[in-house]
Amino acid sequence: MITNKHVLEGAKSLRICMHTGLNGTDEAPDGGITFIETPAILATTVLHDDPAIDLCGILLGPLINFWKQANPGRSVFYKAIMDDLIYGPVEELDVCEQVTMVGCPNAIWDEHNGFPLFRRGFTASPLTANFQGRREFVVDIAVFSGSSGSPIFLMDNGPYVSSDAPDKLQLGRRFGLLGTLWGGPRITEAGLVEIKPAPTSASADIAIDVRMHLGYVIKASETHHLLKKAAAEFGNIDLTAIKMVTTLMSPTGDALRETFRRNALCFCGSKRKFKHCHGQIVTAQQQPES
């Protein structure tokens, strides 16, 4: 799951809405939804190598497997955006292309059916150029609280004109990921323009300023880089080996004790109480050296 680094800052848990699979398979949805919940300690993260690029990923595979173990005979349905759905070549695109943003502005979404909102806008800078020297482009679309991490797609069906043949009207369907929104400019009360990440919720946005009808999008090439990094780290894992991973919250002794009750079942699936399983390791780690 691709999102922004700032979206996950300070998170203690994750709650992800997913569609349930038809007849216990992942081939088609059955119309139902479920929530996969996990403490941040168990959420394996992959961060973009460049600290200036606000992009990261959460490995959903282990979380889905945990959910399946707790719900025998059931499955979840999802579609992954892989390399073949990252749009290219962008050289064919015009400066002002119609795009679609998928997200939950001001935390508004279809909770009954489990769908986000789909909104239209336009690119406002060439995708072939790096806006202000950053690996980004600009979209002309309203960026509300809760929009951070929203994917931006080229998604049209019908006539279009490409930059390599501006005098020729073409027919067809174009679809692909163009990038991930991270924020946008705002005008402060003093009339200054500031660049800020989009707040992660409506309640978090308390500043007195006005959002401009623009958003800044990290190019899909950086998503491709993140997918390659995740594949290199987790693509061929020896399941019998111990692998150190980065998690959303560092599994310190205090964090583990805050997350897991001593008499609750251990998170590892051993069916033993936490205090008799990984809780013992935590206790041992906290003992002073003799």
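Quick caveat, the model's predicted, so the values are computed rather than measured.
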Name all pairs fulfilling the salt bridge (charged side-chain N to carboxylate O under 4.0 Å, His left out) condition that reach into residues 153-162, sequence neighbours left out, sorted by first residue then second.
-> D156-R174
Can you pull the salt bridge (charged side-chain N to carboxylate O under 4.0 Å, His left out) pairs that have at least one residue in residues 109-121, sequence neighbours excluded?
-> none
Sequence-distant partners of N157, side-chain hydrogen bond (donor to acceptor under 3.5 Å, both in side chains), two or more places apart | none
Flag yes if F234 and L55 sit in one hydrophobic cluster, no otherwise; membership is Ile, Leu, Val, Met, Phe, Trp, Tyr, and two members link when side-chain heavy atoms are under 4.5 Å apart.
-> yes
So which pairs with a foot in residues 82-96 pass side-chain hydrogen bond (donor to acceptor under 3.5 Å, both in side chains), sequence neighbours left out?
-> D83-H224
So how far is it from Y216 OH to I218 CD1, rounded to the nearest 0.5 Å?
-> 13.0 Å
Atom of G57, atom of L226 and distance for their closest heavy-atom approach = N-CD2, 3.7 Å
Taking only residues two or more places apart in sequence or in another chain, which ones pass salt bridge (charged side-chain N to carboxylate O under 4.0 Å, His left out) with R15?
-> E37
In Å and rounded to the nearest 0.5 Å, what is the CG to NZ distance from L85 to K79?
-> 10.0 Å
Linked, directly or transitively: V102 and L178 (ILVMFWY side chains, under 4.5 Å) | no
Linking I/L/V/M/F/W/Y whenever their side-chain heavy atoms sit closer than 4.5 Å, directly or via other members, would V139 and F118 fall into one cluster?
-> no
Transitive ILVMFWY side-chain link L177 to L154, under 4.5 Å | no
Are any of the side-chain heavy atoms of F153 and I81 separated by less than 4.5 Å?
-> yes
Roughly how far apart are T34 OG1 and I16 CD1, rounded to 0.5 Å?
-> 11.0 Å
When the ring centroid of F122 is compared with that of H213, is the distance short of 6.0 Å?
-> no
Measure the spacing between CE of M101 and CD1 of I152 and express it to the nearest 0.5 Å.
-> 5.0 Å
Considering all heavy atoms, the nearest H19-P29 contact | CB-CB, 4.4 Å
Look at the side chain of H225 and the backbone N and O of H48, then say whether any donor-acceptor pair between them is shorter than 3.5 Å.
-> no
Treating Ile, Leu, Val, Met, Phe, Trp and Tyr as nodes and any side-chain heavy-atom pair under 4.5 angstrom as an edge, say whether M1 and W67 lie in one connected cluster.
-> yes
In short, side-chain hydrogen bond (donor to acceptor under 3.5 Å, both in side chains) pairs touching residues 121-132 with sequence neighbours left out are N130-K219
Sequence neighbours excluded, which residues qualify as side-chain hydrogen bond (donor to acceptor under 3.5 Å, both in side chains) partners of T38?
-> none
Under the salt bridge (charged side-chain N to carboxylate O under 4.0 Å, His left out) test, residues paired with K229 that sit two or more places apart | D49
Is there side-chain contact between T25 and S75, with at least one heavy-atom pair below 4.5 Å?
-> no
For the atom pair SG (C17) and CZ (F115), what is the distance rounded to the nearest 0.5 Å?
-> 9.5 Å
Nearest non-hydrogen partners of F137 and P126, listed with the distance | CB-O, 4.4 Å
Residue list, ring pair (Phe, Tyr, Trp, His ring centres under 6.0 Å) with Y78, at least two apart or on another chain = none
In Å, rounded to the nearest 0.5 Å, how long is the span from CD of E136 to CG of L181?
-> 9.5 Å
Of the non-hydrogen atoms in C56 and L47, which two are nearest, and what is the gap between them?
-> CB-CD2, 3.7 Å
Heavy-atom distance under 4.5 Å between the side chains of L117 and P105, does that happen here?
-> yes
Using a 4.5 Å cut-off on heavy atoms from C-beta on, say whether the side chain of L8 contacts that of L14.
-> yes
Answer whether the closest heavy-atom distance between the side chains of V99 and I141 falls below 4.5 Å.
-> no
Who pairs with D54 by side-chain hydrogen bond (donor to acceptor under 3.5 Å, both in side chains), at least two apart in sequence or on another chain?
-> H6
Any side-chain heavy-atom pair from K12 and P39 closer than 4.5 angstrom?
-> no
Distance-minimising heavy-atom pair for L214 and P185 = O-CD, 3.7 Å
side-chain hydrogen bond (donor to acceptor under 3.5 Å, both in side chains) against D50, all qualifying residues, sequence neighbours excluded = R135
Minimal non-hydrogen separation, A107 against W109, with atom names = O-CD1, 3.5 Å
What pairs with D30 under salt bridge (charged side-chain N to carboxylate O under 4.0 Å, His left out), at least two apart in sequence or on another chain?
-> none
